[in-house]
There are 2 protein chains.
Amino acid sequence: MLSKKCKYAIHALVYLAEKYHEGPVHIQEIAEKKHIPKKFLEAILLELRNAKVLGSKKGKKGGYYLYQKPADVNLMQIIRLMDGAIALLPCVSLNYYEPCEECRNEKTCGIRDAFGKVRDETLRLLGGSTLDKILKREKILEGN
Amino acid sequence: MLSKKCKYAIHALVYLAEKYHEGPVHIQEIAEKKHIPKKFLEAILLELRNAKVLGSKKGKKGGYYLYQKPADVNLMQIIRLMDGAIALLPCVSLNYYEPCEECRNEKTCGIRDAFGKVRDETLRLLGGSTLDKILKREKILEGN
DNA sequence: TTAAAGTCTATAGATATAATAGATTATTAA
DNA sequence: TTAATAATCTATTATATCTATAGACTTTAA
C-alpha cells in the first residue's frame, strides 16, 4: 500500500495538471477540493517543489503550479519521491537495493526471480502513467 | 515493500517445500538456515498453521510441514495472509477495499484506473508464483 | 519421566505515519 | 508604504505498525 502522503501527492498533482495553464493554485483550494488536511498538504507540496516537480509563488496571487509538463511527470517518479522503493523486496529494488540475509545465492534465488518480474511490470505500468494520460483517460471514462 | 514478517514467511515456506517429503522440520533448523530470529519465526509459522498453510507436530520429532502441496501455495496467498492488501490503493483492493475521500467519481477516476492495471498484473504474476515453480526456477538458474 | 519442541500470552522498543501549531518571509495591491 | 495574503520553515505530538523477545504451558517420543 502507498502511504496517504503519496496518495495525497498524486491527487494534488493531477489537480494541478488540470489547471496547468491557469497559474498558481492555492494550497487551500487543493485541500478543500480533494479533502486533504491542509497542513499535511503543505509539507507534501513543499517536498514536491524541492524536487522540482512543482514551482511556487509566495504572497497574494501565490500558490503552486506544475514545474514540468503533465506529460513529463509519471506515477513512478512520484511514488519514489514520496514512499521510496517500488519493488516489493529490497533485493530487487533498483533505487533502494539491499542484499538479502535469507538467500545463499542472489543470482539463483527463485523468490528474487519472481519478485523481479513483478517489479518490471509495475515499473512499466507506473512509468507509463503520466499526469497527462491519467487526465485523458478520465475524459474517456467520463464520456461513457 | 513487504514486511520482514512476510519475507521471512516466504523463505520459510520455500524451505519447507524443498523438504516436502521429509516430515516435520524444526523451527530451529529453519531459523538457522535462513537467518531468521527464532521467536519471530515461531509466531509466523503459527499464523501460517492457523491458516491451514502449514501443519505442525508437537514434542520430540515434532516441527512444521507444508499442509498443502507446493503447487497449491502461491505468493499472492502468502502476502495477503501476512501483509494484507496487495493493491497499492485501498480503492482498487479486492480484499481490503475502502472508498477514496479524494475522488468525486470512482468509476471515472483516472488514478484508480492506472492502479487497477498495476493490481491486475501484480496479482497475475504473484498468483502464478507457486512454491513449486519457485523451486523449479531455482534449479534452472543453478544449472547455468 | 525427562528432554525436546510447538503453543500461547504478553509486552517492549524502534520506527514510520499522519497530522498540527506557530513564527517567518515574500508578494501583491490599495 | 502598509495591510493582507499565502507560501516557508521548524518543531512537536499522537498514533500505529513493525520487529523482536520473554516466559509459562502443553504435547510427544524415547
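Every chain is numbered from 1 and lettered A, B, ... according to where its sequence line falls, protein lines coming before strand lines. All values below come from the heavy atoms of this structure, side chains included, with hydrogens, waters and symmetry mates left out.
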K.L.:
Nearest whole angstrom, please: distance from the P of D:dT17 to the CG of A:Leu2.
P.N.:
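It is 16 Å, rounded to the nearest whole Å.
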
K.L.:
Considering only heavy atoms from C-beta outward, does the side chain of A:Leu135 approach that of A:Glu18 to under 4.5 Å?
P.N.:
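Yes, at least one pair of side-chain atoms sits under 4.5 Å.
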
K.L.:
What parts of residues 32-54 of chain B reach DNA chain C, counting only heavy atoms under 4.0 Å away?
P.N.:
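Contacts with DNA chain C under 4.0 Å: B:Lys39, B:Glu42, B:Leu46, B:Arg49.
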
K.L.:
Quickly work out the B:Met82 CE to D:dC18 C1' distance and round it to whole Å.
P.N.:
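Interatomic distance, CE of B:Met82 to C1' of D:dC18: 14 Å.
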
K.L.:
In whole angstrom, what separates B:Met1's CE from C:dT15's C1'?
P.N.:
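Interatomic distance, CE of B:Met1 to C1' of C:dT15: 15 Å.
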
K.L.:
Starting at CD1 of B:Ile30 and ending at C1' of C:dG6, how long is that distance when rounded to a whole Å?
P.N.:
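Distance, rounded to whole Å: 12 Å.
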
K.L.:
Quick one: does any side-chain atom of B:His11 pair with a main-chain N or O of A:Glu102 as donor and acceptor, under 3.5 Å?
P.N.:
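Checked: no pair found.
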
K.L.:
Are the side chains of A:Gln68 and A:Val53 in contact, using a 4.5 Å heavy-atom criterion?
P.N.:
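Yes - at least one pair of side-chain heavy atoms lies under 4.5 Å apart.
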
K.L.:
Is any side-chain heavy atom of A:Pro24 closer than 4.5 Å to a side-chain heavy atom of A:Lys61?
P.N.:
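No, every pair of side-chain atoms sits at 4.5 Å or beyond.
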
K.L.:
Just the rounded figure in Å: distance from P of C:dG6 to CD of B:Gln28.
P.N.:
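Spelled out: CD on B:Gln28 to P on C:dG6 is 9 Å.
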
K.L.:
Between B:Cys100 and B:Glu106, what is the shortest heavy-atom contact and its length?
P.N.:
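Residues B:Cys100 and B:Glu106, closest heavy atoms: N-OE2, 4.4 Å.
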
K.L.:
Is B:Tyr8 close enough to D:dT19 that one of its side-chain N or O atoms is under 4.0 Å from OP1 or OP2 there?
P.N.:
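False: B:Tyr8 side-chain N/O out of range (4.0 Å or more) of D:dT19 OP1/OP2.
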
K.L.:
In whole Å, what is the span from the OH atom of B:Tyr65 to the P atom of D:dT28?
P.N.:
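It is 11 Å, rounded to the nearest whole Å.
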
K.L.:
Quick one: does any side-chain atom of B:Asp83 pair with a main-chain N or O of B:Ser3 as donor and acceptor, under 3.5 Å?
P.N.:
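Confirmed, B:Asp83 side chain pairs with B:Ser3 backbone.
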
K.L.:
For each nucleotide in nucleotides 25-30 of chain C, reading 5' to 3', give B when a protein heavy atom comes within less than 4.0 Å of its base, S when such contact involves only the sugar-phosphate, and - otherwise.
P.N.:
BBBBS-

K.L.:
Is any side-chain heavy atom of B:Val118 closer than 4.5 Å to one of A:Leu75?
P.N.:
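They are not in contact (no side-chain heavy atoms under 4.5 Å apart), so the answer is no.
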
K.L.:
Going by atom type alone, with no hydrogens or angles, which donor-acceptor pairs under 3.5 Å involve a side-chain atom of residues 37-51 of chain B and a protein atom two or more places apart or on another chain?
P.N.:
{"from": "B:Glu47", "atom 1": "OE1", "to": "B:Lys5", "atom 2": "NZ", "distance (Å)": "3.1"}
{"from": "B:Glu47", "atom 1": "OE2", "to": "B:Lys5", "atom 2": "NZ", "distance (Å)": "3.4"}
{"from": "B:Arg49", "atom 1": "NE", "to": "B:Ser56", "atom 2": "OG", "distance (Å)": "2.8"}
{"from": "B:Asn50", "atom 1": "ND2", "to": "B:Leu46", "atom 2": "O", "distance (Å)": "3.4"}

K.L.:
Are A:Tyr97 and A:Ile79 co-members of a hydrophobic cluster defined by side-chain heavy atoms under 4.5 Å apart?
P.N.:
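Looking at the clustering, A:Tyr97 is in a separate group from A:Ile79.
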
K.L.:
Looking at B:Ser3, does any N or O in its side chain come under 4.0 Å of the phosphate oxygens OP1/OP2 on D:dT17?
P.N.:
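For D:dT17, OP1/OP2 do not have a side-chain N/O of B:Ser3 under 4.0 Å.
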
K.L.:
Please figure out whether A:Lys4 or B:His26 has its closest DNA chain C nucleotide nearer the 5' end.
P.N.:
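The residue closer to the strand's 5' end, by nearest nucleotide, is B:His26.
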
